[in-house]
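Report on one structure; see the data block that follows.
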Amino acid sequence: MANPKACACFLFISLLSFFPLSLALTDGEVAYIVRRQLLSLPEDGDLSDDMVFEVDVNIKFQNSRLKQAYIGLQAWKKAVYSDPLNFTANWDGPDVCAYKGVFCAPALDNPKTTVVAGVDLNHADIAGHLPVEIGLLADISLIHLNSNRFCGIIPQSISKLKLL
Ligand SMILES: *[C@@H]1O[C@H](CO)[C@@H](O)[C@H](O)[C@H]1NC(C)=O
């Protein structure tokens, strides 16, 4: 059995690193963001294989994995409540590798296929929640989120990011 005091302390430290000390969001704003997340969350908080995502058919992607990443990143952008530094301002269109903070690399299982390998939002001061579609960023091996104001829960779908 783990020491409960140690657990509480660990939880406290994790929360501190997830929520910055500036606490710029009011309680009302936090409640609003959490409500938005809960409204968008499937019942089990996970992505199911039969979930349908609509993407403009006129948008052409280099490969299907970049298309999945596009859906995930667009959902993430939509889940942003405040982006004071306009960090996600260029998160538009099919060239996800050009998005600020998004890094592409050859896929580990197929070096000829380019995939989104990392998302680095450090110091972006973004307020919002993590959408369930984060699970579509299946090729990601790193996410940096410190110095942001994300609230709500971490969706179950994050377990789909096997390289993280
Ligand atoms: C972000 O964009 C808004 C609207 O275009 C602008 O008013 C604001 O100055 C920008 N902020 C920064 C930090 O660039």
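We count ligands from 1, going down the list as the structure has it; atoms in each ligand are counted the same way.
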Self-check item: Co-members of the apolar cluster containing Leu108 [side chain, <4.5 Å]
Solution: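 Its cluster partners, ordered by chain and number, are Leu163.
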Exercise. Under 4.0 Å from a heavy atom of Pro84: give me the atoms of ligand 1 that qualify, with their elements.
Key: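 Listed by number with element, the hits are 11 (N), 13 (C).
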Quiz item: Protein heavy-atom contact under 4.0 Å for atom 2 (O) of ligand 1?
Solution: yes
Quiz item: Can a protein heavy atom be found under 4.0 Å away from atom 11 (N) of ligand 1?
Solution: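 Flag for atom 11 (N) of ligand 1 set to true, protein heavy atom closer than 4.0 Å.
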Quiz item: Any idea which protein heavy atom is nearest atom 6 (C) of ligand 1, and the distance to it?
Solution: Asn86 ND2, 4.2 Å
Quiz prompt | Short side-chain donor-acceptor distance under 3.5 Å, Thr113 and Arg65 | solution = no
Quiz item: Under 4.0 Å between a Lys/Arg side-chain N and an Asp/Glu carboxylate O for Asp92 and Lys77?
Solution: yes
Self-check item: With Leu142 via side chain to side chain contact (heavy atoms under 4.5 Å, CB included) - residues at least two apart
Solution: His144
